[in-house]
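The basis for the numbers below is simple: all heavy atoms, side chains too, and nothing from hydrogens, waters or symmetry mates. Here is how names work: the chains are called A, B, and so on, in the same order as the sequence lines, proteins then strands, and each is numbered from 1. Predicted, not measured: the structure shown is a model, and the values here were computed from it.
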Amino acid sequence: MMEYQFRDIEKKWQQRWKDSKAYKVSNQSNRPKYYVLDMFPYPSGAGLHVGHPLGYIASDIFSRFKRLQGFNVLHPMGYDAFGLPAEQYAIEHGIHPAISTDNNINNFRRQLDNIGFCFDWHREIRTSDAGYYKWTQWIFLQLFHAYYDRSERRARPISQLVEAFEKSGNVSHPLPNAQYPVQSFTAEEWNSFKEKERQDLLMEYRLAYCGTGEVNWCEALGTVLANDEVVNGVSERGGHPVVKKKLRQWYLRITAYADRLLEGLDKVEFSDAMKEMQTNWIGRSEGAEVNFAVGSEELAVYTTRPDTIFGVDFMVLAPEHELVQQITTDEQRSAVENYLDYVNSRSERERMAEKKISGVFTGAYAINPFSEKKIPVWISEYVLAGYGTGAIMGVPCGDQRDHAFARHFSIPITNIIGQYYNGEEANPTKEAILENSGFLDGMVMKDAMPFIINKIEEKGIGKRKVNFKMRDAAFSRQRYWGEPFPIKWVDGIANPLKESELPLELPHVDTYKPGPEGEGPLANIPSWVEQELETNTMPGYAGSSWYFLRYMDPHNDQEFCNRAVSDYWNQVDLYIGGTEHAVGHLLYSRMWTKALFDLGHIGFEEPFRRLLNQGMIQGSSRFVYRIAGKNEFVSYGLKDQYDTQAIHVDVNMVDGVELDLEQFKKWRGGEYAQAGFILENGKYLCGVETEKMSKSKFNTVNPDDLVQKYGADTFRMYEMFLGPVEVSKPWDTKGIEGVHRFLKKLWRLFYDEQKGKQWTDSPATDAEKKILHKTIKKIGEDTERFSFNTCVSAFMICVNELSELKCYKKEILEPLLVLLTPYAPHIAEELYSALNGNSDQSVLDASFPALQENYIKETSKAYPVAINGKTRTELTIELSASQQEVEELLLKDAVVQKWLDGKAPKKIIYVKNKMINVVV
RNA sequence: GCCCGGGUGGCGGAAUUGGUAGACGCAGCAGACUCAAAAUCUGCCGUUCGCAAGGAUGUGCUGGUUCGAUUCCAGUCCCGGGCACCA
């Protein structure tokens, strides 16, 4: 074999690696462990396009790299197999989700195998397998049987809470929900409660709990819709009206973990952008809750700026606030009622989107507890019932929204910050010296903050308070294709199934239509309903919140994951995936990990030690230009001479920008078979635009086609060569040929097309060793920092230089193949095997070559010489040269003399190993 | 509106700590080999002035710091992403 026959080579080694179980990983090893994980895919029916494998290639390279460095590397793959699209497909086509999901998975697997990944498929998991979701249900029960102990800041078994209640009531365990009708009880009271009362109370503490929540109910479709299926208050499909409907819903008490989720960010290596997104989502704010008297009622407001309390000019309640009815005066009642009607007529989305200021005065006045000033109480839709206390104090001089509100309704503005307020717009400064602020006068705002909070607490009219924007996570879906809850409802009490009753298998159904009253399809199954089983199913993120643990011990039918095994593999060392899961999946899995840690099931509390976000590969669309009203197309360069309409064409019919006219005429069943063309230089050239890659834009490129045409190794390297993994960049099929040429050139270092084998055992020269070791250094460093694109360049430079020197020496070529293995494993193994007389030693288990610095050490350097900062010439000088020696050499140089023009240099800057600059 | 990223040749990108801007590749141009094509090889390739040697200019824009700025600072424009009345 003299030519690079990549198809045969790749097929051969993929089969051999499979036969020798080359990627099977053991849980026992003397080697240090390394865990590389990809965000597992939802197996959609559309299959992979070139954008999907980007992260998988990066993780594959890194896994293989770590293996060469002597690590025991866990690199598994599986499928997030429950989900809405399969159910939707089932409704439309009558095919059971289990079947369509299975088909999709088979197609995914075939496409992945094509690319030559080193996944340990013995550990494959599917979240929809009963053997998997048995443990998802089990973890749900762990959460159900646990509460969050706020003083110890950790989850504990709920049985311990019951013991505490029996002994001393709930004095040291206040209810998480301040709105619950019973707030405190004694041991005697607890012991006298009926079972239902006790269970209702315990439900208020559980980490997985049931409550009432609002869902988007669409009467016409008879189903509940996700937020993104609702557009402008109507359903995305069909445009039917959507209303809020209250339903029984499961929740996860993620808010209990808010502060730990925040603190945990300091212990992980995520990008700053990612940490910031999570921080914003959690939305921690510090402030105070303050009570204002309104007649005989008390109105609590939450504020982050208690230091501005003397600047309060009005109050605003959310329209839903419970005090609204009680405090509204008779004169204002009809105005308030009108406003409430207006608010009720609006969807949540409309209210969110509204920029116009609206509101109405209730007629009531609150009393400022410090200044005794009377403050008008308003209602407005910009105040949200769900955040803080649902009421705010309006400080116009310090808050832009309050300012706009005061202006709009002509409420007089009190200035407490002197010249910091210009009368035109609010200033949220904390640096101003307070005025018009009673006993706070003269204090700097940020100093007044702790002072006034203490005063508030002393006076007993409020307290210091930390608030979070994050809400508890809704954990029910009124759907079929998800994990059933291991819960039976008897007399209104949620009864958990016993561990021995798991898994509670998802029953087969013949129809996926929603159940009555917004319930899920399970409510249509008489046998299910007779057993009083919960009819909701779990959401998509249930299975994905803990899957990284199951990979460690995927076949264990006694435990979700053996503790010794999870102690060995521990955290995921490198997690690779897209930013779209920034807040959802990552926060949920972090919370589950913390809960499992608290309950003693695992030994670490952050699942992912390091996170790498891959960018998107954008589509590069091609356009043809049809002359208006004619079946005639004009080439890109001439289109401005006509009135044209741009039409997307399939990028796979275009070579660079040149359209294949024959293919185009056959496209879309011959729609353009009779079309005419106006060409430039005999070619039809297309327009180009970068857009999201999608079928509808005809700009998707299938990796299968590229692997078929150029081979998996070329494809892998080209995906990396496009640019840094973390950033988004457009796809350009044309460029792949450059990488393919590189591999062919590499091949020719080993085989000559005429002469055949041409490697030799002759000893390498220093120049050749220098090329090799320079490459070892570059590949080692750049792979470690995920700079895969510059690695590909470094390989190209190396092969170019070795070709130039006609270096065919095994001493150089063999280590080069090891370096290349993570990037292009097939060709590396083929040549490595040939080099070693087809021995059984696989390049996959070779050792990463050791860098010998002495071969790359330079003794002299060609220094750039700048005159006044502008590079004028180059001067080769020994690295050991002193300042004085350099100056002497410099002044002798003809170019330097020319620029000095007889003048003496003012200063000569010589930075060793960098540059020389002469200041004249 | 707020918060993050990012603007470098015709294109993707490189320049790791302030030190030769444009590595590597694509596209393009010229040439060699060939009956021809493919494959391969060689040279050129930011803009501009110049026959050349060489010079000027150049990393979105305007300033600043520095012997020296793609890199640091201030302002500004544009693009991408996230959040969106969070008190």
Holding to side-chain contact (heavy atoms from CB on, under 4.5 Å), I want the full list of residues that pass it with [X], two or more places apart in sequence or in another chain.
| X | answer |
| --- | --- |
| Arg305(A) | Thr303(A), Asp307(A), Thr308(A), Lys430(A), Met445(A), Met449(A) |
| Glu580(A) | none |
| Gln754(A) | Asp752(A) |

Under 3.5 Å, sequence neighbours excluded: what are the donor-acceptor pairs made by side chains of residues 866-877 of chain A?
from, atom 1, to, atom 2, distance (Å)
Asn868(A), OD1, Val920(A), N, 2.9

Can you tell me the distance, in whole Å, between the [atom1] atom of [X] and the [atom2] atom of [N]?
| X | N | atom1 | atom2 | result |
| --- | --- | --- | --- | --- |
| Met796(A) | C24(B) | CE | C1' | 6 Å |
| Phe795(A) | G25(B) | CZ | C1' | 16 Å |
| Tyr387(A) | C85(B) | OH | C1' | 12 Å |
| Asp399(A) | A87(B) | CG | P | 9 Å |
| Arg622(A) | A27(B) | CZ | C1' | 12 Å |
| Ile379(A) | A87(B) | CD1 | C1' | 17 Å |
| Asn613(A) | G6(B) | CG | P | 14 Å |
| His740(A) | C26(B) | NE2 | P | 13 Å |

By the 4.0 Å heavy-atom rule, please label [X] as base, sugar-phosphate, or nothing.
| X | result |
| --- | --- |
| Lys870(A) | sugar-phosphate |
| Arg284(A) | nothing |
| Trp731(A) | nothing |
| Ala273(A) | sugar-phosphate |

Checking base pairs now: Watson-Crick or wobble, both atom distances under 3.5 Å. What partners [N]?
| N | answer |
| --- | --- |
| G58(B) | none |
| C41(B) | G31(B) |
| G80(B) | C4(B) |

Item to check | For Arg590(A), all residues meeting side-chain hydrogen bond (donor to acceptor under 3.5 Å, both in side chains), sequence neighbours excluded | outcome: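 side-chain hydrogen bond (donor to acceptor under 3.5 Å, both in side chains) list for Arg590(A), sorted by chain: Gln278(A), Glu606(A).
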I'd like to check the ring-ring contact (aromatic ring centres under 6.0 Å, His included) partners of [X]; sequence neighbours left out, ordered by chain and number.
| X | value |
| --- | --- |
| Phe623(A) | His648(A) |
| Tyr863(A) | Tyr910(A) |
| Phe292(A) | none |
| Phe370(A) | Phe439(A) |

Next on the checklist: For the residue pair Asn917(A) / Lys907(A), report whether a side-chain donor-acceptor contact shorter than 3.5 Å exists.
Outcome noted: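 No, no side-chain donor-acceptor contact under 3.5 Å.
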Between [N] and [M], how many Å separate the two [atom1] atoms, rounded to a whole number?
| N | M | atom1 | value |
| --- | --- | --- | --- |
| C33(B) | A69(B) | P | 49 Å |
| G19(B) | C11(B) | P | 26 Å |
| A84(B) | A21(B) | C1' | 41 Å |
| C45(B) | U40(B) | P | 23 Å |
| G80(B) | C73(B) | C1' | 25 Å |
| U16(B) | C78(B) | C1' | 28 Å |
| G22(B) | U76(B) | C1' | 27 Å |
| A23(B) | C4(B) | P | 34 Å |

Checklist entry - Quick one: does Gln883(A)'s side chain have a donor or acceptor within less than 3.5 Å of a partner on Ile908(A)'s backbone? => result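 Looks like yes, one N/O pair under 3.5 Å.
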Checklist entry - Sub-3.5 Å donor-acceptor pair from the side chain of Arg716(A) to the main-chain atoms of Pro822(A), do we have one? => result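 Judged by distance alone, yes, a pair lies under 3.5 Å.
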Next on the checklist: How would you summarise protein contacts on nucleotides 8-23 of chain B per nucleotide, using B for base, S for sugar-phosphate only and - for none, with heavy-atom distances below 4.0 Å?
Outcome noted: ----BSSSB--BBS-B
Checklist entry - Could you write nucleotides 34-48 of chain B as a row of B, S and -, 5' to 3', where a protein heavy atom under 4.0 Å of any base atom gives B, of only sugar-phosphate atoms gives S, and otherwise -? => result -----SSS-------
Checklist entry - Which glycosidic conformation, syn or anti, is assigned to G9(B) if syn requires a torsion within 90° of zero? => result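 The base of G9(B) is oriented syn (glycosidic angle within 90° of 0).
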Could I get a table of every N or O pair under 3.5 Å where one atom is in the protein and the other is in nucleotides 78-83 of chain B?
none

Checklist entry - Quick check: are there more than 12 heavy atoms from other residues, nucleotides or ligands sitting under 6.0 Å from CD of Gln758(A)? => result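 Yes.
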